[in-house]
Amino acid sequence: MSHTFGRRRVLTRGLALACASLLAATASACGKGGDGGDSSYPSDTLQIMAPAAAGGGWDLTARTLQQGLTDSGLVKSAVEVYNVEGAAGTLGLAQLVTKNEGDPHQLMVTGLVMIGGVVTNKSPVNLTQVTPIATLTAEQEVVVVPADSPYENLQQLMDAAKATPDAINWGGGSAGGTDQILVGLLAKAAGADPRAMKYLPYSGGGESKAALLSGDLTAAVSSVSEYADLVAAGKVRALAVSGATGVDAGDGKTAPTIKEAGYDVELMNWRGIVAPPGIDDDEREAVIALIDKLHASTQWQATLADQGWSDFYKSGDDATAYFASETERITGVLNDIGLAG
């Protein structure tokens, strides 16, 4: 009797150990998540680089990501944003590639501007060397002038730019970026020489705003969100936006498109996020899964509406393919308008 009980106790203990092992294995598998991501990521402070000065579109995107990841509860560890400014983001890109290689806790905001910066600055590093994670948003550009400017519409401004290009000081983001590309496309569409346009590049949106308000610039070009506050305050006037349809540029009215003003130009400024080179496949999937979840969150969808950003989400392999196609397209545009050096 006691011998039988002993065998039964051994069998029971063995069954319990087997069940415990199975539960542990199941928990481990579940921890990876059905989408291929690792629920333990990030396991350390998440650093998001804005490769430009404070006050610009990349900085705003980075800080919006920071707030979204924190407020949604997707990240329990700290999320920090830092700025590395200069050369259309290529200084930050170089830092990500050379100093942050293999670190999945280092992310960087990027976009169309950086592709142009790589070309015009002859950068030794480019976006083929990073790990694409996702495209995030697309936003229309806006052409603005001070509220007391004599130019009431885009045609008046472009007529002056064509007749006396030296008299018009254009300003915007870094050389070769979206803003300068738009100025070049406008000049070409208006029958002016894109190379004759006086374009003054600034490393951040705050600097170009100050230059426009001080009178150093005749007109400025940037993303709609960057100038919405000044348009709303009546300090600057929006002449046109660069998308397919007009949008509110800040004053509660629908600004006309560049096409509606008579120029066959359409351009959207997209932004995305990348990781350094050298992270492994599991780490890449974990980062992608995190950004996928953020994109699906109510916090992010509310942010898109609040900022007036268009949802332009592509992640993983789709993002990789888009980065490659945009690099080819923008390089061609820069060559066409004489900005490729």
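Taking CD1 of Ile115 as the start and OG1 of Thr327 as the end, the distance is 4.0 Å to the nearest 0.5 Å. Atom CD1 of Ile279 sits about 5.0 Å away from atom CD1 of Ile133, to the nearest 0.5 Å. One distance of note links OH of Tyr227 with CZ of Arg237; it measures 14.5 Å at 0.5 Å rounding. Rounding to the nearest 0.5 Å gives a distance of 6.5 Å between CG of Leu217 and CG of Asn169. Of the inter-residue distances, the one linking Thr303 atom OG1 with Leu136 atom CG reads 11.5 Å to the nearest 0.5 angstrom.
Side chain of Thr120 to main chain of Leu339: no donor-acceptor pair is present (N/O by atom type, distance under 3.5 Å, no hydrogens or angles). Side-chain atoms of Gln140 come within 3.5 Å of backbone N or O of Gly243 as a donor-acceptor pair. Between the side chain of Gln129 and the backbone N or O of Asn126, at least one donor-acceptor pair lies under 3.5 Å. With Glu260 contributing its side chain and Pro256 its backbone, the two residues share no donor-acceptor pair below 3.5 Å. Looking at Ser77, its side chain does come within 3.5 Å of a backbone N or O of Asp44 through a donor-acceptor pair. Using a distance-only test at 3.5 Å, with no hydrogens or angles considered, no donor-acceptor pair links the side chain of Asn83 to the main chain of Glu85. A distance-only check finds a donor-acceptor pair linking the side chain of Asp179 to the backbone of Gly173 [under 3.5 Å].
Defined by atom type and a distance below 3.5 Å, a donor-acceptor pair is missing between the side-chain atoms of Asn121 and Ser123. A donor-acceptor contact under 3.5 angstrom links the side chains of Ser225 and Glu139, judged on distance only. Gln106 and Gln47 form no side-chain donor-acceptor contact under 3.5 Å, judged by distance and modelled atom types alone.
Salt bridge annotation for Asp264-Lys188: absent, with no cationic side-chain nitrogen under 4.0 angstrom from a carboxylate oxygen. Remark: Lys253 does not engage Asp248 in a salt bridge, criterion side-chain N to carboxylate O under 4.0 Å.
Open room surrounds CD on Gln67; 12 or fewer heavy atoms of other groups in view lie less than 6.0 Å from it. Within a 6.0 Å sphere centred on NZ of Lys235, other residues, nucleotides and ligands contribute 12 heavy atoms or fewer.
Under the side-chain hydrogen bond (donor to acceptor under 3.5 Å, both in side chains) criterion, Glu226 pairs with Ser222, sequence neighbours left out.
Contact record, Gly234 with Ala147: O-CB, 3.2 Å, taken as the closest heavy-atom pair. Here the closest heavy-atom approach between residue Leu212 and residue Pro146 is recorded as CD1-CD, 3.6 Å. Taking both residues in full, the closest heavy atoms of Tyr41 and Pro104 are given as OH-O, 2.6 Å, listed atom of the first, atom of the second, then distance.
Trp300 and Trp309 have tilted rings, their planes meeting at an angle from 30° to 60° on a 0 to 90° scale.
Following chains of ILVMFWY side-chain contacts shorter than 4.5 Å, one can reach Leu157 starting from Leu267, so the two form part of one hydrophobic cluster.
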